[in-house]
Amino acid sequence: MELDFDGDVAVVTGASSGIGEATARRLAAEGADVVLAARRPGPLDDLAAELEAEGADALAVPTDVREESEVEELVDRAVDRFGGVDVGVVNAGVGRGATDVADIDTEDFRATTATNVDGAFFATRALVPHLRDSEGSLVFVGSYAGQYPYPSNPVYGASKAWLRSFAHSVEAQVGDDGVGVSLLNPGGVRTSFAFDDGESQAERYEAGDAIEPEEVAETIALAAGVGAGATLSEVDIYRRDQLSEF
Ligand SMILES: NC(=O)c1ccc[n+]([C@@H]2O[C@H](COP(=O)([O-])OP(=O)(O)OC[C@H]3O[C@@H](n4cnc5c(N)ncnc54)[C@H](OP(=O)(O)O)[C@@H]3O)[C@@H](O)[C@H]2O)c1
């Protein structure tokens, strides 16, 4: 399917690495102006400079999605610079607290829910008015962990289950206004994502044994670009042996 984001404006949270970075690259390659959000300014600035050198318009906005004022400022700056938003990718996420439920630190619980739940809410609330104006697309990055019991990290799993419910309820609210809402559930993507200080997904899986972030980005681009009138409501993109865990 040919994708065309020429003239579109995309806001991507968690754009400093992994799936978000790959998504920003993919959308920019198809003509989108991209607004890059994450906490670390260095990788965001580097990516913005690289995309600009390739001919895209890119704006780096260091943002902690746990802070509602920072998320509001992110969207305001996107609109001030580019005049609107056509695509929102709610992707920033962490997975603290991968231990027995009796031992989970309150700080890890709060870090996970503040990022994956509060942050997703703040971003959605700020983006939706602009997506209604543009009849644009909102793509949430959920997880396999939100669809099935996830004993290795129950708080992370529950945060993604919340996101799944939220995404579908938002889809039901804004579909009438012409906004497409998609939920992507990856399982096993070779990024720097790690539970606590454990090994990253890129260290855990050999190339070819799991999903590359570019493959998730391709699916996000497809969901965002499917065209007015249709919605890829929910898409699972798993390692081929993901369901062997059962
Ligand atoms: N990798 C997998 O196997 C997998 C599977 C299922 C779902 N997912 C989901 O995919 C999404 C992206 O993860 P990834 O695999 O690409 O991992 P990653 O490479 O670790 O990327 C996570 C991104 O989230 C950003 N982030 C974290 N906390 C943030 C905060 N408070 N405010 C703003 N940005 C924040 C990080 O940037 P900063 O550190 O610069 O803030 C980074 O850009 C997450 O929601 C994750 O739950 C991943």
Side-chain angles (χ1 to χ4, degrees), residues 5 7-28 31-52 56-94 110-142 159 162-163 166-167 170 174 179-184 191-193 213 216-217 220-221 223-224:
F5 291 99
D8 283 353
V9 178
V11 175
V12 181
T13 70
S16 61
S17 65
I19 293 169
E21 177 186 343
T23 300
R25 286 181 192 283
R26 186 70 182 92
L27 295 175
D33 300 329
V34 287
V35 182
L36 313 169
R39 290 167 300 178
R40 288 168 295 160
L44 285 188
D45 287 340
D46 291 350
L47 179 60
E50 194 188 316
L51 296 177
E52 292 259 350
D57 244 335
L59 174 68
V61 185
T63 306
D64 186 334
V65 298
R66 297 171 296 186
E67 301 295 334
E68 66 179 311
S69 61
E70 294 189 25
V71 177
E72 278 159 20
E73 192 186 332
L74 162 70
V75 176
D76 286 348
R77 285 190 59 190
V79 173
D80 285 350
R81 165 84 175 259
F82 296 114
V85 181
D86 302 280
V87 177
V89 182
V90 178
N91 163 72
V94 296
R110 294 221 162 103
T112 301
T113 56
T115 309
N116 302 1
V117 174
D118 302 22
F121 164 67
F122 296 147
T124 303
R125 185 178 60 184
L127 286 165
V128 156
H130 304 288
L131 296 174
R132 281 189 163 123
D133 286 346
S134 62
E135 298 197 355
S137 305
L138 183 61
V139 183
F140 292 95
V141 179
S159 74
W162 181 93
L163 190 73
F166 181 63
V170 171
V174 303
V179 182
V181 178
S182 302
L183 170 70
L184 241 82
T191 66
S192 57
F193 190 89
V216 182
I220 291 172

For a quick test of reading the model, state the closest non-hydrogen atom pair linking [X] to [Y] and the distance between them.
{"X": "G142", "Y": "L163", "result": "CA-CD2, 3.7 Å"}
{"X": "F5", "Y": "A221", "result": "CZ-O, 3.4 Å"}
{"X": "A48", "Y": "A60", "result": "CB-CB, 4.2 Å"}
{"X": "D118", "Y": "A114", "result": "CB-O, 3.2 Å"}
{"X": "G93", "Y": "T115", "result": "CA-CG2, 4.0 Å"}
{"X": "S159", "Y": "N116", "result": "OG-ND2, 3.0 Å"}

message: Once side-chain contact (heavy atoms from CB on, under 4.5 Å) is applied, do any residues pair with P62, and if so which ones, sequence neighbours excluded?
response: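 Here the qualifying residues are P41.
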
task: Name all residues meeting the side-chain contact (heavy atoms from CB on, under 4.5 Å) criterion together with F121; count only those two or more places apart in sequence or in a different chain, and write none if there are none.
output: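 F121 satisfies side-chain contact (heavy atoms from CB on, under 4.5 Å) with R125, W162, F166 once adjacent residues are dropped.
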
Kindly compute the distance separating [atom1] ([X]) from [atom2] ([Y]), expressed to the nearest 0.5 Å.
{"X": "E21", "Y": "N91", "atom1": "CD", "atom2": "CG", "value": "11.0 Å"}
{"X": "L51", "Y": "L59", "atom1": "CG", "atom2": "CG", "value": "11.5 Å"}
{"X": "L27", "Y": "D8", "atom1": "CG", "atom2": "CG", "value": "9.0 Å"}

T13 side-chain N/O to A92 backbone N/O, donor-acceptor pair under 3.5 Å: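 Yes; judged by distance alone, with no hydrogens or angles, the pair exists.
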
E70 (side chain) donor-acceptor with T63 (main chain) under 3.5 angstrom: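 Here the side-chain-to-backbone pair does not exist.
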
With a 4.5 Å cut-off on side-chain heavy atoms, are [Y] and [X] touching?
{"X": "V35", "Y": "V61", "result": "yes"}
{"X": "V128", "Y": "V174", "result": "yes"}
{"X": "V11", "Y": "L74", "result": "yes"}

field: Residue pairs, two or more places apart or on separate chains, that pass salt bridge (charged side-chain N to carboxylate O under 4.0 Å, His left out) and touch residues 31-50
entry: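 Every pair satisfying salt bridge (charged side-chain N to carboxylate O under 4.0 Å, His left out) with a residue in residues 31-50: R25-E50.
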
- request: Determine the sole option in V179, V79, D86 for which the side chain to side chain contact (heavy atoms under 4.5 Å, CB included) test with H130 is passed.
  value: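 Of V179, V79, D86, side chain to side chain contact (heavy atoms under 4.5 Å, CB included) with H130 is met by V79 alone.
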
message: For a side-chain contact (heavy atoms from CB on, under 4.5 Å) check, start with the C-alpha distance between I220 and V141, then their side-chain angles and the critical distance, and finish with the verdict.
response: CA-CA 9 Å; I220 291 172; V141 179; 3.9 Å; yes

message: Let's go through V181 and F140 carefully: what are the C-alpha distance in whole Å and the side-chain angles of both, what is the deciding distance for side-chain contact (heavy atoms from CB on, under 4.5 Å) to 0.1 Å, and is it a yes or a no?
response: CA-CA 8 Å; V181 178; F140 292 95; 3.6 Å; yes

